[in-house]
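Scroll down for the structure; my scribbles are underneath it.
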Protein chains: 2
Amino acid sequence: MNAETRLARIETYHRLCREHGLRNTIQKRIILEAVLDHEAHPTADQIHELVLRANPDVSRTTVYRALENFVRLGLITKACHPGKVVRYDRRVDIHHHLLCLRCNRFVDFEDHGLDRLEIPDTSAVGFEVSDFSVQLRGICRSCRETTRREESP
Amino acid sequence: MNAETRLARIETYHRLCREHGLRNTIQKRIILEAVLDHEAHPTADQIHELVLRANPDVSRTTVYRALENFVRLGLITKACHPGKVVRYDRRVDIHHHLLCLRCNRFVDFEDHGLDRLEIPDTSAVGFEVSDFSVQLRGICRSCRETTRREESP
DNA sequence: TTAAGTGCAAAAGCTTTGCGGGTAG
DNA sequence: CTACCCGCAAAGCTTTTGCACTTAA
């Protein structure tokens, strides 16, 4: 995430705090920065670990609370994946994902063709769609290489 | 799920058991049928509840083990969603999802236009894509109605 | 016969909650 | 000042594991 986008997001955070009567505490600020600096799709606990480097006194509970807060404000999102632990995502714009069916690796994938996908009519089911994302499933490079090595030893 | 598809899946299960040297036990059979009969995206615990109706002696542990087994065999899949609990899906064919950003409702969505999406080139990242799915995010009917009621009381 | 599968109990891991005290606005 | 927020400890869920016993093939 480039410095400009990062700064803009932090400004948005301050604005949303003012608008919603929320407090801008040291802890929340550190937690937000930790998510923004994490490229992958971190769990609350992974964020907590990062946060501890900046301030060893921030509790796990506060991290859980702040992250849910940020999601509600639309500052970050939750990643949609098949695992059993919540993962957060600093990205709020349209992007897509690759999922490895063997090792569950879950990474971002950029493609302008996919971005231009035409959203179908969902009025029949009463849904008002605002956003979408394509998930591509398959086998990642390292898993394919592992398979090849096993098959021809 | 129509009776024909259901039967075919159970036959596939028997074939996969033979091919992999796995046993066809009463428990696994009941658990498989419970997933096939569940239209939504059930958790392991929801499946366990259903299973208990058919046989009150099947343990939760066995349900967890069997479901992971079925996923590995490709008999069922795991649903990709933002929650903190694993959800299973009896569907293994191409289909799409609607996610309500307010209440987290997560439902299937059929659209042949989306089915024909052209899979982009992922060779640069080393992924071999076999499958895809589109997730449409927005607000569901009942959440929109709740909002409207709150705004104009 | 024998390796896969099962149930139980216990452990492990993730997330939320209640509460007393702290602090930003 | 006061409403929001914090840290702690404890509870609440979900999921996995070790082990002795059972059973399908």
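- When the C1' atom of D:dC5 is taken as reference, atom CG of A:L73 falls 14 Å away, rounded to whole Å.
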Reading nucleotides 15-21 of chain D from 5' to 3' and marking B where a protein heavy atom lies under 4.0 Å of the base, S where only the sugar-phosphate is that close, and - otherwise, the string is BBBB---
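- By the side-chain hydrogen bond (donor to acceptor under 3.5 Å, both in side chains) test, A:H96 is found to be paired with A:D115, residues two or more places apart in sequence or in another chain being considered.
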Under the side-chain hydrogen bond (donor to acceptor under 3.5 Å, both in side chains) rule, what do A:R137 and A:Q135 come out as? Steps first, then yes or no, please.
CA-CA 6 Å; A:R137 288 187 286 267; A:Q135 184 186 67; 2.6 Å; yes
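- At a threshold of 4.5 Å between non-hydrogen side-chain atoms, the residues A:L136 and A:F109 count as touching.
- Look at CZ on A:R29: it is 19 Å from C1' on D:dC4, rounded to the nearest Å.
- Distance B:Y13 OH to C:dA4 C1': 12 Å, rounded to the nearest Å.
- The closest donor-acceptor contact from the side chain of B:T77 to the backbone of B:R90 lies at 3.5 Å or more, if one exists at all.
- For B:I30 and C:dG7, the CD1 to C1' distance is 14 Å, given to the nearest whole Å.
- Side chain of B:S123 to backbone of B:G126: no donor-acceptor contact under 3.5 angstrom is found.
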Any protein N or O atoms within reach of nucleotides 21-25 of chain C? Criterion: under 3.5 Å, listing atom names and distances.
from	atom 1	to	atom 2	distance (Å)
C:dA24	N3	A:R23	NH1	3.2
C:dG25	OP1	A:N24	N	3.4

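- Contacts classified as ring pair (Phe, Tyr, Trp, His ring centres under 6.0 Å) and involving residues 15-52 of chain B (residues at least two apart or in different chains) are given here: B:H41-B:H97, B:H41-B:F106.
- Under the side-chain contact (heavy atoms from CB on, under 4.5 Å) criterion, B:N2 pairs with B:E4, B:T5, sequence neighbours left out.
- Under the 4.5 angstrom side-chain criterion for Ile, Leu, Val, Met, Phe, Trp and Tyr, the cluster partners of B:V58 are B:M1, B:I10, B:Y13, B:L16, B:L22, B:I26, B:I30, B:I31, B:L32, B:V35, B:L36, B:I47, B:V51, B:V63, B:L67, B:F70, B:V71, B:L73, B:L75, B:I76, B:V86, B:Y88.
- Of the side-chain N and O atoms in A:Q27, one or more sit less than 4.0 angstrom from OP1 or OP2 of D:dG7.
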